Structure formats: structure tokens, C-alpha cells
Q: 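The structure under discussion is supplied below as C-alpha cells; questions concerning it will follow.
Order of the sequence lines sets the chain letters (A, B, ...), proteins ahead of strands, with each chain counted from 1. The structure presented is a predicted model; accordingly, all values stated were derived computationally and were not measured.
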Amino acid sequence: MNLLPDFRFHRPETLEAAVQIKAATPDARFVAGGTDLLVNLRRGLGEPSDLIDLTAVADLAAIRRDGDALWLGAGVTLADLARHPDVVAGYPAVAEAALAVAGPTHRAAATLGGNLCQDTRCVFYNQSDWWRDGNGWCLKYKGDKCHVVVKSDRCYATYHGDVAPTLMVLDAEAVVAGPDRVRRVKIADLYRESGAEHLTLAAGEMLAAVVLPPPGGRRAAYAKARVRDSVDFPLAGVAVSLKRDGDVIADLRIAITGTNSAPLLIDTADLIGRSWDDSAAGDLALALRRKANVLRTTITGAKYRRRVMQAMARQLVGTLWDKG
Amino acid sequence: MSKAPPPSRKRLLNIQINGQWREDAVAPNMLLIDYLRDVAGLTGTKQGCDGGECGACTVLIDDQPRLACSTLAAQMEGRHVETVEGLAKGSRMSRLQQAFHEKLGTQCGFCTPGMIMAAEGLLRRNHDPDREEIKAALSGNLCRCTGYVKIIESVEAATASREVAQ
């Protein structure tokens with residue numbers, strides 16, 4: 001590990017102050033739990049001029065009722081998110097996804113906002129300076145060549161966040177604060193499929209909160225495959241929300257992570273109004289294969305990740321279907 | 001003509017360590033682990049992988065086990081940080097330390113301070129954890145010697161002795 005680069009440090013106590021500092025220093029990065037950013041900076045991945053610490057902004061750390069929706073501040077730690085009574089009772093899949101992230105010492109520090117905005121990962125990127133230098137750098141940082149897809153003009157680093165897909169299938173919205181206005185976007189629209197710039201936030205913007213609409217009879221669940229049952233990032237992750245109406249699927253949403261440069265919703269329109277049987281499962285597998293683009297961005301082979309992603313999706317839909 | 005030195009970026013940090021308030025000027029890029037070891041002189045907290053993967057640097061921050069290697073010292077303004085040095089009362093080891101000693105929960109000892117602090121955090125919020133809860137609480141701490149069985153037994157022993165003491 002390297003020493004941290006030299007940077008200025010800001011510790012605002014309000015959201016407005018944080019956004020203003022960011023607007024005045026475009027190269028600044030936000031930091032909260034530090035479990036993603038600080039580790040990356042120590043590997044020489046980035047040299048921000050300023051770090052804006054968000055852990056003193058009390059507004060960001062609140063979970064509260066917002067009409068019939070639930071407001072989750074971006075500064076809530078994953079540990080607090082997973083044990084909050086309103087989350088556990090109304091959105092157990094969100095608690096489940098938060099608990100699936102890393103280990104307990106990470107979750108005590110890591111925040112919801114940091115988890116959603118975490119950097120993409122790649123076997124050619126999450127390496128020491130020395131290693132990457134020896135490999136001629138890469139398209140994501142300092143280099144002009146992607147080692148995963150040679151001759152490609154974009155980076156294929158993979159998004160491995162666990163919480164985003166679950167929020168996507170529950171139709172949650174992100175509250176984005178900028179210097180002039182606050183806007184709301186669907187969680188899926190926070191991302192674009194480009195490993196080097198996977199977030200759609202503008203230079204002066206920050207993620208302030210997530211708003212979960214009422215579950216509306218949907219049941220949801222999240223499953224991830226990983227090398228060890230603790231600590232590891234997902235080799236692939238699947239979130240499903242299902243509403244069953246008698247013998248037909250009334251509503252089905254599926255989102256995947258750990259496969260592409262962004263967490264992605266799967267097109268399930270063909271499955272609505274049908275019963276859950278082998279033919280529906282076959283069509284789902286086809287839809288997953290169309291959307292997922294698993295490449296050699298982890299040590300574990302892409303073929304396994306592709307297959308386990310499809311298996312988890314099939315199993316999750318089946319379990320939720322059986323629960324009625 | 002020599003140039004003037006660049007303006008200092010250090011900040012004054014007020015922090016409580018093992019019950020004692022301290023005030024130190026720290027650089028923005030100083031990590032909590034370096035502050036604890038090099039400024040406060042508390043070398044019980046170990047630097048393992050140094051990248052948030054092994055848990056050797058686990059300390060308690062306001063009773064929650066966290067990683068000192070991926071936390072900035074400057075973020076700890078007003079917080080209470082506890083290290084393994086804060087557990088013993090004089091020469092008397094804490095229950096957990098005693099249990100690790102008696103149940104052979106430590107071999108080379110490098111992961112032990114992190115293991116003990118992670119277990120201490122667990123026992124503070126759950127006085128009577130079962131085996132699965134102990135395993136979950138220690139799941140972010142790696143040990144290359146013991147195979148974990150003795151560590152889990154040590155924490156169980158500390159739980160049992162706590163019950164007796166109550």
C-alpha cells in the first residue's frame with residue numbers, strides 16, 4: 001500500500017456547505033466510511049485535490065417516514081440500515097442486501113451513498129501502482145488500452161454494489177443535490193454502462209438520499225454468489241421483486257449486479273400475466289443472457305458467473321412465487 | 001532566495017482514546033491506524049493487509065468495531081476510540097483477554113488485538129451471543145494460525161464467564 005496522496009480536508013456540517021465546497025473544487029471527492037475510496041487512493045487510484053468528509057453532516061444520517069414512503073439518508077451506515085425497524089419490517093430485502101455487503105467492520109463504517117456510488121472494479125484495475133505500471137496501465141486510469149476487451153474504446157470494469165439492484169426492483173428514487181437544485185431520479189438512472197464513468201452525477205452533484213415507495217404487495221429478495229461467504233464482492237448478484245395474483249405473475253422486476261459496468265434492470269415484460277413454470281424460467285434465462293455481459297474482470301471465470309447469475313435468478317423467482 | 005514553505009494543512013483533532021481526551025495536530029491524509037501507532041504510541045493495533053481485508057486493525061469507534069486502516073484520523077473529531085490497550089485494568093486482563101489466554105485463542109498473536117476488539121464490540125451489544133453470532137461478528141477478521149475454532153471457543157468462554165459474573 002502507498003501513503004495517501006496529499007489533499008485538503010473539509011468537514012462540512014450541512015448538505016448545502018458540502019455541495020458548495022464541491023462546486024468550488026471540481027477535483028474534490030466525497031468521503032464517508034472510506035472503505036472504498038481510501039483503499040483505492042492507497043493503491044494509487046486517483047489523486048483528488050480535496051476530500052469532503054460527510055460524516056459530520058447530521059441530515060445525511062437520518063432514516064424517516066416521508067408520507068407513505070421511507071426516506072434513507074445517503075450517510076446512513078449499512079449496519080444501521082440493516083437493523084432499522086422500518087427497513088426490517090417494510091423492506092426486508094433492503095436489509096438483506098445491506099447485510100450481504102462485506103464484513104461487519106466494513107458495514108459499521110460504509111454508508112448507503114458510498115455503496116451506491118462505489119467505484120467499478122476490475123482485475124486489471126484493483127492492483128498496486130507497480131503492477132499496473134508493469135502492465136502498461138489501463139483505459140480506466142492513466143492508460144489508453146482496455147486489457148479485458150482489447151481494441152475497445154470504453155472501459156469494461158464491473159459494478160459490484162449489492163444494494164443498488166434491490167433498490168431498483170423496489171422502484172426507489174435517488175435524491176441528488178447540486179449547487180442550484182435538488183432532483184430526483186430512478187436508481188437505475190444513476191448509472192451508465194461505462195466502467196470509467198459509471199455514475200451520471202454531474203461534477204457538482206452528490207447523492208443525498210434514497211426514497212423507497214410503499215412496497216405495494218411486492219415481495220423482494222437479493223442473492224449473491226461470492227468466493228467466501230464473508231467479506232467478498234459479488235461475483236454476480238440478483239435482486240427480484242414479485243407480485244403474484246393467483247396463478248399469474250402480476251408484476252416482476254429483476255436487476256443484476258457484478259456482471260456489467262452498471263447494475264441493470266432485466267426486461268421482464270414477456271413474463272407478466274404468465275404462470276411461473278419451466279417455459280417462463282427458460283424465457284427469463286434468455287432475457288438475462290441478452291442483458292448480462294460478463295467478462296473476465298474477476299479472477300473467477302466469466303462462464304461460472306454467467307451461469308450462477310441465471311441460477312440465482314431462477315431460484316429467487318421460484319422462492320418468491322411459492323411464498324405467494 | 002528560498003521559497004516560503006507551503007501553508008500547513010494540519011487540523012487540530014480532539015479525540016478520546018481509551019477514555020482519555022487528547023488534542024493533536026494531524027495531517028489530512030493521516031490514517032487512524034498511523035495516528036494510533038505513531039502519534040499516540042499505541043502499537044497494540046496491528047497493521048495487516050492495510051487494505052480493509054484482514055481485520056487486524058479493528059478498533060472500537062463509539063463501541064462499534066471498525067477498521068483503523070481505512071479511516072482518516074481527522075474524521076474522528078469528538079469520537080471515542082478504544083484499542084486493545086484500553087481493555088485491561090492495570091495488570092488485570094479483561095474477561096475476553098483472559099479467555100483468549102486460557103482457551104489458546106492466540107498463536108502468533110498478530111490477529112489477536114483485532115479479534116478481541118471485534119469480539120468486545122459483539123459482547124457489548126449482545127451479552128449472550130450464540131456460535132453463529134460469534135462467527136458472524138468475527139467474519140471480517142482473518143487468522144492464519146488457529147483455524148478459528150479456538151478463537152470462537154475463547155469468545156464463548158468469555159460469554160460464559162460474563163454470565164457467572166452477573
Side-chain angles (χ1 to χ4, degrees), chain A residues 1-11 13 28 31-43 45 47-57 75 77-80 82-83 99-111 114 126-128 226-233, chain B residues 6-13 26-34 47-79 114-115 117-119 121-122 125 132-142 148:
Chain A
M1 285 289 176
N2 308 355
L3 289 174
L4 278 174
D6 213 9
F7 49 77
R8 283 181 294 269
F9 184 76
H10 308 268
R11 196 168 156 79
E13 293 182 0
V31 64
T35 54
D36 186 44
L37 180 69
L38 294 182
V39 175
N40 278 353
L41 292 183
R42 294 195 69 190
R43 285 203 155 152
L45 300 170
E47 285 178 280
S49 63
D50 298 66
L51 287 196
I52 307 170
D53 176 27
L54 298 174
T55 56
V57 182
T77 65
L78 295 175
D80 286 342
R83 63 173 161 243
L99 277 180
V101 179
T105 38
H106 305 95
R107 295 193 294 270
T111 60
N126 299 97
Q127 301 284 359
S128 68
R226 46 183 159 176
V227 176
R228 299 168 292 175
D229 269 349
S230 59
V231 183
D232 281 327
F233 285 94
Chain B
S8 171
R9 291 172 170 183
K10 282 192 176 179
R11 301 167 62 91
L12 205 54
L13 171 69
V26 298
N29 61 358
M30 176 169 264
L31 291 160
L32 178 60
I33 181 142
D34 296 327
Q47 205 158 17
C49 71
D50 222 11
E53 295 175 44
C54 79
C57 66
T58 305
V59 296
L60 294 185
I61 298 173
D62 294 331
D63 291 328
Q64 298 235 42
R66 283 181 47 177
L67 301 171
C69 76
S70 25
T71 306
L72 293 172
Q75 291 181 296
M76 292 295 103
E77 176 68 30
R79 310 290 292 266
M115 287 284 179
M117 295 318 282
L122 169 70
R125 64 174 187 274
E132 288 310 308
E133 288 169 325
I134 294 171
K135 279 188 186 173
L138 299 181
S139 60
N141 294 71
L142 300 188
Y148 302 101

Q: Do A/Arg228 and B/Leu142 touch side chain to side chain, with heavy atoms closer than 4.5 Å?
A: yes
Q: What option among A/Gly34, A/Ala108, A/Gly33 has the most heavy-atom pairs under 4.5 Å with chain B?
A: A/Ala108
Q: Under 4.5 Å from any heavy atom of chain B, what part of A/Leu4 do you find: side chain, backbone, both or neither?
A: both
Q: If you tally heavy-atom pairs under 4.5 Å against chain A, which of B/Asp50, B/Thr58, B/Ile61 wins?
A: B/Asp50
Q: If you compare all heavy atoms of B/Ala136 against all heavy atoms of A/Pro104, which two are closest, and at what distance to 0.1 Å?
A: O-CG, 3.4 Å
Q: Heavy-atom distance under 4.5 Å to chain B: side chain of A/Ala32, backbone, both or neither?
A: backbone
Q: Around atom CD of B/Glu133, are there more than 12 heavy atoms of other residues, nucleotides or ligands at under 6.0 Å?
A: yes
Q: If I take atom CG from residue B/Asn29 and atom CG from residue A/Leu51, how far apart are they, to the nearest 0.5 angstrom?
A: 9.0 Å
Q: Check the pair B/Leu31 / A/Arg42 against side-chain contact (heavy atoms from CB on, under 4.5 Å), numbers first and verdict last.
A: CA-CA 11 Å; B/Leu31 291 160; A/Arg42 294 195 69 190; 3.2 Å; yes
Q: If every non-hydrogen atom of A/Phe9 is compared with every non-hydrogen atom of B/Ala74, which pair is closest and at what distance?
A: CE2-CB, 3.4 Å
Q: How many angstroms lie between atom CG of B/Leu138 and atom OG of A/Ser230, to the nearest 0.5 angstrom?
A: 10.5 Å
Q: Pick one of side chain, backbone, both or neither for B/Leu122, based on which atoms fall under 4.5 Å of a heavy atom in chain A.
A: neither
Q: Measuring from atom CD of B/Gln64 to atom CZ of A/Arg107, what distance do you get when rounded to the nearest 0.5 angstrom?
A: 11.0 Å
Q: Do other residues, nucleotides or ligands put more than 12 heavy atoms under 6.0 Å from A/Asp229 CG?
A: no
Q: What residue, out of B/Ser139, B/Gly52, B/Gly78, has the most heavy-atom pairs lying under 4.5 Å from chain A?
A: B/Ser139
Q: Could you walk me through whether B/Arg9 and A/Asp6 pass the side-chain contact (heavy atoms from CB on, under 4.5 Å) check?
A: CA-CA 9 Å; B/Arg9 291 172 170 183; A/Asp6 213 9; 3.9 Å; yes
Q: A/Leu41 versus chain B, heavy atoms under 4.5 Å apart: side chain, backbone, both or neither?
A: neither
Q: Rounded at 0.5 Å granularity, tell me how far CZ in B/Arg66 sits from NE2 in A/His106.
A: 11.5 Å
Q: Looking at B/Gly140, B/Gly121, B/Gly51, which one has more heavy-atom pairs under 4.5 Å with chain A than the rest?
A: B/Gly51
Q: Rounded to the nearest 0.5 Å, what separates atom OG1 in A/Thr105 from atom CG in B/Leu60?
A: 11.0 Å
Q: Quick check for you: to the nearest 0.5 Å, what is the distance between A/Thr55 atom OG1 and B/Met76 atom CE?
A: 6.5 Å
